[in-house]
Amino acid sequence: VSLLSKNHRASVGKVTCLDDELFASVADDKTVRVWNLSKYEVKHMVEYKSLALPTSMCFMKGVEVILTGWGDGSIKAMDSVTGESIWQMP
């Protein structure tokens with residue numbers, strides 16, 4: 001068995017499909033990762049400096065945005081194409 005990619009360091013709470021080659025995951029290590037299935041690697045990763053843990057995740061097709069909900073009531077948005085953190089509220 002060989003290591004294909006660096007994984008999360010804590011429990012993975014949510015996974016969502018982006019298309020037939022990409023999916024995203026969010027975990028209790030406070031990272032959101034976009035994975036490339038054809039290469040078995042992490043394409044993008046954002047690590048959030050939050051005291052709260054992630055509670056939910058969804059993908060907004062058409063605008064290519066991954067939304068995550070957090071235990072402190074915040075919502076964070078990540079561009080699934082560039083991997084950039086776009087905005088968060090509050």
Side-chain angles (χ1 to χ4, degrees):
V1 176
S2 63
L3 179 65
L4 297 175
S5 187
K6 192 163 188 163
N7 61 330
H8 289 283
R9 299 177 312 273
S11 177
V12 175
K14 305 290 179 195
V15 175
T16 189
C17 292
L18 308 182
D19 60 29
D20 59 346
E21 286 195 16
L22 301 174
F23 72 94
S25 58
V26 64
D28 288 352
D29 62 3
K30 302 172 186 172
T31 62
V32 177
R33 297 171 193 239
V34 175
W35 302 82
N36 183 319
L37 287 171
S38 64
K39 296 180 181 178
Y40 298 106
E41 66 184 14
V42 175
K43 183 176 178 184
H44 301 297
M45 183 188 84
V46 173
E47 184 169 5
Y48 291 102
K49 306 296 181 200
S50 174
L51 296 177
L53 295 176
T55 58
S56 59
M57 178 172 61
C58 72
F59 177 60
M60 295 178 62
K61 193 171 184 160
V63 292
E64 309 305 312
V65 171
I66 299 166
L67 296 175
T68 52
W70 296 74
D72 62 359
S74 65
I75 299 171
K76 301 174 184 353
M78 174 186 174
D79 185 310
S80 68
V81 176
T82 66
E84 293 180 53
S85 179
I86 305 170
W87 53 261
Q88 73 178 53
M89 58 183 192

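What you see is a predicted model; the values in this text were computed from it and never measured.
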Of all heavy-atom pairs between [X] and [Y], which one has the smallest distance, and what is that distance?
| X | Y | result |
| --- | --- | --- |
| Ala52 | Lys30 | O-CE, 3.5 Å |
| Ser25 | Met57 | CA-CE, 3.7 Å |
| Val32 | Thr68 | CG2-CG2, 3.8 Å |
| Leu37 | Phe23 | CD2-CE2, 3.4 Å |
| Ile66 | Ala24 | CD1-CB, 3.7 Å |
| Ala27 | Pro54 | O-CG, 3.1 Å |

Check against side-chain hydrogen bond (donor to acceptor under 3.5 Å, both in side chains), His8 and Thr31:
CA-CA 8 Å; His8 289 283; Thr31 62; 2.9 Å; yes
Would you give the length of the straight line joining atom [atom1] of [X] to atom [atom2] of [Y], rounded to the nearest 0.5 angstrom?
| X | Y | atom1 | atom2 | answer |
| --- | --- | --- | --- | --- |
| Cys17 | Asp20 | SG | CG | 9.5 Å |
| Met60 | Ser80 | CE | OG | 11.0 Å |
| Gln88 | Met78 | CD | CE | 14.0 Å |

Starting from [Y], can I reach [X] by hopping between I/L/V/M/F/W/Y residues whose side chains sit under 4.5 Å apart?
| X | Y | result |
| --- | --- | --- |
| Ile86 | Leu67 | yes |
| Leu22 | Val42 | no |
| Val46 | Trp87 | no |
| Val34 | Phe59 | yes |
| Val63 | Met89 | yes |

Carboxylate-amine/guanidinium proximity below 4.0 Å for Arg33 and Glu41
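Salt bridge between Arg33 and Glu41, a charged N being under 4.0 Å from a carboxylate O: no.
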Over 60° means perpendicular and under 30° means parallel, so tell me whether Tyr48 and Trp70 are parallel, tilted or perpendicular.
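Plane angle over 60°, so perpendicular.
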Would Arg9 and Glu47 satisfy salt bridge (Lys or Arg N to Asp or Glu O under 4.0 Å), going step by step from the backbone distance to the final call?
CA-CA 12 Å; Arg9 299 177 312 273; Glu47 184 169 5; 3.3 Å; yes
Do Lys76 and Ser74 have side-chain atoms, one donor and one acceptor, less than 3.5 Å apart?
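Result is yes, a qualifying pair exists.
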